[in-house]
Structures are given as C-alpha cells and as structure tokens.
Amino acid sequence: MKIIVCIKQVPNTTEIKIDPVTNTLKRDGVPSIINPDDKAALEAALRLKAQCGAEVVALTMGPPQAEKALRETLAMGADAAYLLTDRAFAGSDTLATSTIIAAAVKKLGADAVFCGRQAIDGDTAQVGPQIAEHLGIPQITYAQDVEYCEKKGTLRIKRQFEDRYQTLEVSGLCLITVLSSYAKPRYMNVWDIVSQDEKEIGILTFADLEINPAEIGLGGSPTKVKSTATKQFDKTIETLELDAEQAANAIVEALKQKHLI
Amino acid sequence: MAKNIWVFCEQRDGEIQSVAFELLGVARELAAKTGEKVGALLLGSGVEKKAKDLVAFGADEVYVVDDKNLGYYVTEPYAQAVYSLVKEYEPNVLLFGATSIGRDLAPRLSARLKTGLTADCTKLENDEDGNLFMTRPAFGGNLFATIVCPNHRPQMSTVRPGVMQKLEPDYARKGEVINKTVKFDASKFAVKVVEEVMETQSVDKIEDANILVSCGRGVKDVAPAFEFATKVKGTVSSSRALVDAGIMEQPRQVGQTGKTVRPQAYIAFGISGAIQHLAGMEESEFIIAVNTDKGAPIFKVANLGIVADAQAVLKQLNKIL
C-alpha cells in the first residue's frame with residue numbers, strides 16, 4: 001500500500017503579528033512548523049507502515065524553504081518526499097491548490113491519500129475534499145481513528161461529528177483527513193534523522209504535471225481577496241476599580257437591571 | 001443567469017439544526033438587497049414535514065429530497081443530491097453551516113461545480129448585482145479578509161454557527177415546498193456506515209445559555225464559578241487556557257477554536273481577552289469583565305469593566321446571592 005500524506009508548512013500562528021499599516025503578516029522571525037493536523041495524518045500513515053509495510057510519501061506545495069518541513073517528515077519515518085514548487089502555483093486559492101496537488105497525486109500514484117483536517121493558518125478544511133473530488137475518489141473527513149484490516153483490505157475509520165461519531169468502512173483508493181486529536185505524532189528518530197540527509201527531495205513543477213494553466217495560480221482561482229482589515233473595537237466604557245464587595249454588588253445590580261435575575 | 005440565495009439546511013435525526021435558521025436569517029437580508037428569493041434545501045430521510053419550519057424562518061421555496069440514501073450523512077449521496085439541484089436551478093449563492101457536515105460537503109461540491117468557496121465566514125454582505133462579500137477571520141482572528149467570487153456561480157460559503165441572527169419564526173409566512181427526486185449513482189457509494197453512535201452531552205450547551213459565567217486563567221478554583229452559574233441559572237464557559245490546562249472540558253471553550261456565543265449576559269472572570277477569545281463572544285448582548293489587569297483587552301469589549309480579583313468577586317457573589 002502506498003500512502004501519500006499531504007502536509008503544509010505553516011507559521012506558528014500563536015506568534016503571529018500583523019503590520020497595522022499594511023495589514024499584512026509580519027513573517028520575519030516567526031517560526032514555521034508542520035501543520036498539527038497534517039502531522040497527525042503522517043502519524044496515521046506511519047502506523048500503517050509499521051502494521052503492514054505501507055510506503056509513506058510526503059507531499060507539500062510551497063516555496064523552496066518548505067523543504068525543511070519535508071526533511072522533518074523523512075526524519076519521522078516517511079520513505080520519500082516531494083515538493084511542488086513553481087511560480088505558476090503562487091496565489092492559488094483552495095480550489096486551484098487542490099487542482100495542483102491532485103495532479104501530483106495522479107503522477108505519483110497512491111492507494112490512499114492522507115491529509116490533516118485543516119491548516120492553522122487558513123482554517124478552511126477545503127483542500128482535502130477538493131483533492132478527493134478532482135481524483136474522483138471517496139473522502140472521509142474528521143478522522144479520529146484509522147485502522148487497516150489486512151484480511152479484507154479495507155480501511156475502517158472513526159469519523160467524528162460534534163455530537164456523534166460514525167464508524168465507516170472503505171475499500172479502494174480514498175482520501176482521509178485526520179484530526180490532530182487522533183494521535184500524538186512521534187518524534188524524529190536518530191536513525192532517520194541521519195539517513196534523511198542522504199535522501200533527495202523530489203521536486204515537481206508545473207512542467208511535470210498535467211494541469212490546465214487556466215485553473216491554477218492567482219488567475220485560475222475563483223475566489224479573490226477583496227480587502228483585509230485588522231480588528232477594530234468600538235465599545236468604550238468606563239472601567240471601575242472596585243473591591244470584591246463593591247464588584248459583586250455592581251454585577252448583581254447590572255443583572256437585575258437587565259431583568260436577568 | 002444564476003439567481004436566488006440558497007441555504008443547505010442541515011438536519012440531524014430529522015431535527016433542523018440551529019445554524020440552518022441562522023443562515024435563512026442572513027439569506028433574507030441578502031435577498032432584500034437584490035430582490036432574489038431565498039431557497040432552502042432540505043435533504044434527508046423522513047424530513048419533509050420540517051419544510052414548514054424553514055418557510056417560517058424565512059424560506060420562499062423549500063426543495064425537499066426525501067430519500068433513504070440520505071438517512072445517515074455520508075458525503076457522496078448528499079453531494080449528488082445538492083449537485084443535481086444546483087445544476088437544475090442555478091442559484092447565485094449557496095450557503096452552508098460551518099459544521100463537520102457543511103465543511104465536508106461544501107468543498108466537495110465546490111470542486112464538482114468548479115466554483116469558489118469561502119470557509120467559516122462571520123459576515124456576509126452583497127451588492128445590488130448579487131455579488132457576495134464574504135468576510136472571515138484569518139490567522140487566528142488577527143486579521144479579517146473579505147473574499148469575493150466574481151466570475152463563478154454559485155458563490156459558496158460556509159458560515160460559522162452562532163454568528164448570524166435567526167428571524168422570529170412566522171408560521172403565517174407563505175412559501176412553496178417543492179419535492180424533488182434525485183437519480184443517485186450508487187456505484188459511487190464506496191463508503192459504508194458500519195455504525196453511528198451518539199455521544200452523550202455531559203456538558204451544558206454554552207451556545208444556548210442566557211447567561212454565561214466564563215472563566216480564564218485568573219480563576220484558580222472554578223468550583224465557585226459553577227456555584228454562581230447555578231444561582232443565576234447560567235452556564236459555565238471557559239477560555240482556551242483552562243481547556244488546555246485540562247481544567248475545563250473542550251465543549252465549554254469560547255473563541256476562535258471553540259464556539260461563538262451571544263448570550264444575554266457574558267460575565268468574564270479572569271479572562272484577559274486574547275483576540276481569538278473576543279472573536280467568540282464580542283457579539284454578546286451585555287458583557288461584564290472582571291480582571292486584575294487594568295490594561296486587559298477584554299475591557300475593550302465590556303459594557304461593565306471591573307478591575308478586581310475574579311476569585312474574590314466570585315466568592316462574594318456566592319455569599320450575597
């Protein structure tokens with residue numbers, strides 16, 4: 001079984017700062033990480049590697065420095081890694097991105113595609129299902145658990161909802177998006193850290209893929225950013241410095257005035 | 001030409017989900033600007049009787065697909081049903097709740113329909129020509145981006161539950177119920193549901209509470225907050241810090257990675273008010289904040305700000321109530 005794991009290198013958003021003048025991200029000095037849900041997807045694939053010898057291939061799209069994230073996947077135990085990088089890909093929205101990644105999956109060939117549920121920089125959760133649609137394969141999102149039944153050759157997935165879960169079974173090529181609560185990803189191991197150095201990261205560009213140029217990049221993206229803004233607050237109120245007794249009285253008074261108690 | 005504003009009305013076990021009514025509310029606002037109709041999609045098995053509720057909450061037309069294939073939510077049959085309706089009627093706008101169902105179905109459809117999709121919107125506006133302006137938080141709520149989809153229809157968006165206002169239901173409203181049958185291609189149904197298991201909600205639903213007693217890092221002992229909440233018939237919610245620390249359950253979390261709430265009163269104890277938190281509660285009717293730090297950002301959104309020790313204030317509240 002060959003599993004392609006789609007990962008994204010993201011800025012660690014807890015440390016993000018916005019330039020108040022330009023409304024753009026200050027990227028300088030913000031550390032990049034592998035998106036947490038994607039790391040869980042990689043972990044799910046590596047467990048299947050341990051169970052049944054699955055071949056695990058990491059795939060990402062991004063600028064050349066995204067190679068660092070791929071190196072980390074190799075150090076965790078991925079067998080191969082590919083970087084999709086080309087100026088023609090720049091500015092792609094989720095649909096255009098999924099078009100490119102689907103073309104790469106087609107080229108590399110796979111028995112299953114694992115993605116994270118969503119990335120912490122965009123929070124869209126859209127690229128996975130869109131890849132699945134382009135490939136014409138079933139998708140199972142919000143996976144809380146993934147098991148492979150060797151006897152039947154099927155994957156059994158625990159699919160999480162807000163108020164319930166489903167146990168789903170699927171045979172054949174499929175795409176699964178994994179929740180980071182599924183599993184704590186393993187650490188890089190010494191052997192793989194050393195040996196990843198000798199592995200080549202495969203580079204895939206526009207020329208390597210069968211894609212209609214009108215469907216990718218900024219121009220091929222149906223959605224456009226019209227404007228951005230930082231958060232504005234319009235409430236100005238008096239802040240009172242009170243002792244506990246006065247404070248409690250003020251709260252009770254306010255709730256009474258609103259007829260809430 | 002693409003016309004009308006459609007809402008995918010999510011139901012679970014035959015119960016219309018609150019977010020569907022919220023979307024009908026915002027769809028009415030959008031339709032008022034363009035003169036378009038509001039269409040509701042009701043998919044499921046044994047759900048037709050719910051169509052009148054969708055009319056009461058603002059739908060002009062309800063498209064019902066009542067089919068055994070739509071009993072459990074599974075992506076492909078639902079995608080096939082919505083796709084066939086969209087192809088037949090060509091709506092201008094198609095809205096979904098940003099739930100674990102909407103966020104599964106909408107991207108699948110956007111790729112099938114080859115159109116744009118904007119995730120997790122918190123504001124929707126439009127112009128007279130029917131162009132939709134979809135605003136969503138980005139980068140953990142630090143930034144708001146307004147997205148357009150100028151050349152593709154339908155314009156698709158998932159919308160955050162709890163953000164839009166539902167209308168007061170009016171059962172005298174007139175609307176048309178249109179029953180549709182869909183020819184399913186069962187050869188594409190590769191995913192089998194082995195079981196579906198309800199998970200009992202051990203935690204109160206914070207999104208339904210009138211009063212939220214919300215705790216942050218400044219509350220070392222949360223027991224008095226529960227006592228106070230019981231006394232005022234409120235519910236306890238939490239900032240992310242206490243959830244991460246394992247003190248509060250995740251379903252109580254308010255904010256960007258938790259829930260969006262708009263109670264009658266939101267009382268924040270010891271919450272400094274990171275922007276991600278504010279994004280989830282600033283629409284509350286009345287906000288009271290108690291924090292020792294005078295410069296805490298929570299005071300920027302509070303109607304009543306009190307600089308005091310949250311723990312001590314909780315203790316005093318329980319004493320006097």
Side-chain angles (χ1 to χ4, degrees), chain A residues 13 16 18 23 25 93-95 98 121-126 129-130 132-134 138-142 160-172 174 222-231 233 235 237-245 247-248 250-252 254-255 258 260-261, chain B residues 72 75-76 99-100 103-104 107-108 110-112 115-120 133 139-140 142-152 190-199 201 210-211 232 264-265 267 275 286 288 290 294 299-309 312-313 316-317 320:
Chain A
T13 50
I16 267 184
I18 304 289
N23 274 345
L25 287 189
D93 71 355
T94 62
L95 189 68
S98 66
D121 58 347
D123 289 323
T124 74
Q126 289 175 187
Q130 289 171 332
E133 173 63 22
H134 292 311
Q139 74 194 42
I140 294 172
T141 57
Y142 291 81
Q160 196 65 51
F161 296 81
E162 290 83 353
D163 56 350
R164 67 193 68 195
Y165 69 84
Q166 288 176 341
T167 305
L168 301 172
E169 218 167 60
V170 60
S171 54
C174 63
T223 60
K224 321 272 177 206
V225 178
K226 182 170 166 275
S227 59
T228 58
T230 47
K231 190 118 203 180
F233 294 106
K235 274 185 201 161
I237 50 104
E238 200 183 3
T239 309
L240 313 167
E241 297 192 36
L242 304 175
D243 65 27
E245 202 179 318
I251 290 169
V252 170
L255 293 176
K258 300 267 162 203
L260 289 168
I261 55 172
Chain B
Y72 290 120
T75 316
E76 185 57 29
T99 64
S100 65
R103 285 160 68 92
D104 178 84
R108 184 84 195 194
S110 83
R112 197 165 292 185
T115 187
L117 171 65
T118 306
D120 214 13
F133 307 116
F139 298 104
N142 285 293
L143 199 66
F144 283 78
T146 301
I147 312 286
V148 290
C149 180
N151 304 317
H152 297 73
V191 177
K192 197 176 112 203
V193 181
V194 179
E195 58 174 353
E196 182 168 282
V197 179
M198 296 301 297
E199 293 179 294
Q201 301 277 321
N210 260 334
I211 299 179
V232 297
Q264 296 294 312
I267 317 175
I275 194 138
F286 189 73
I288 303 173
V290 184
K294 200 176 171 180
F299 289 130
K300 286 190 217 160
V301 301
N303 303 89
L304 171 60
I306 299 171
V307 182
D309 175 50
V313 174
Q316 178 65 23
L317 280 165
I320 61 172

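Throughout, protein chains are lettered first and strands after them, A, B, ... in sequence-line order, and every chain is numbered starting at 1.
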Could you give the distance from [atom1] ([X]) to [atom2] ([Y]), rounded to the nearest 0.5 Å?
| X | Y | atom1 | atom2 | result |
| --- | --- | --- | --- | --- |
| B:T146 | A:K224 | OG1 | NZ | 16.0 Å |
| B:L304 | A:K258 | CG | NZ | 10.5 Å |
| B:D309 | A:L242 | CG | CG | 13.0 Å |

Which portion of [X] sits near chain B, non-hydrogen atoms under 4.5 angstrom:
| X | result |
| --- | --- |
| A:T141 | both |
| A:K226 | both |
| A:Y165 | both |
| A:L260 | both |

Has A:E162 got a side-chain atom pairing as donor or acceptor with B:S100's backbone, closer than 3.5 angstrom? yes
Main-chain N/O of A:A247 paired with B:Q316 side-chain donor or acceptor, under 3.5 Å: no
Under a 4.5 Å cutoff for heavy-atom pairs, which residue among [options] has the most contacts with chain B?
| options | result |
| --- | --- |
| A:V252, A:L95, A:L255, A:D243 | A:L95 |
| A:I251, A:V170, A:D93 | A:I251 |
| A:A125, A:S171, A:C174, A:S98 | A:A125 |

Note: B:E199-A:R164 ion pair, threshold 4.0 Å (strictly below): no
For A:Q139 and B:R108, does a side-chain donor sit closer than 3.5 Å to a side-chain acceptor? yes
Using the side chain to side chain donor-acceptor pair (under 3.5 Å) rule, take A:Q126 and B:S110 through it: C-alpha gap first, then chi angles, then the decisive distance, then the call. CA-CA 9 Å; A:Q126 289 175 187; B:S110 83; 5.8 Å; no
For chain A, which candidate among B:R103, B:E76, B:Q264 shows the most heavy-atom pairs at distances under 4.5 Å? B:R103
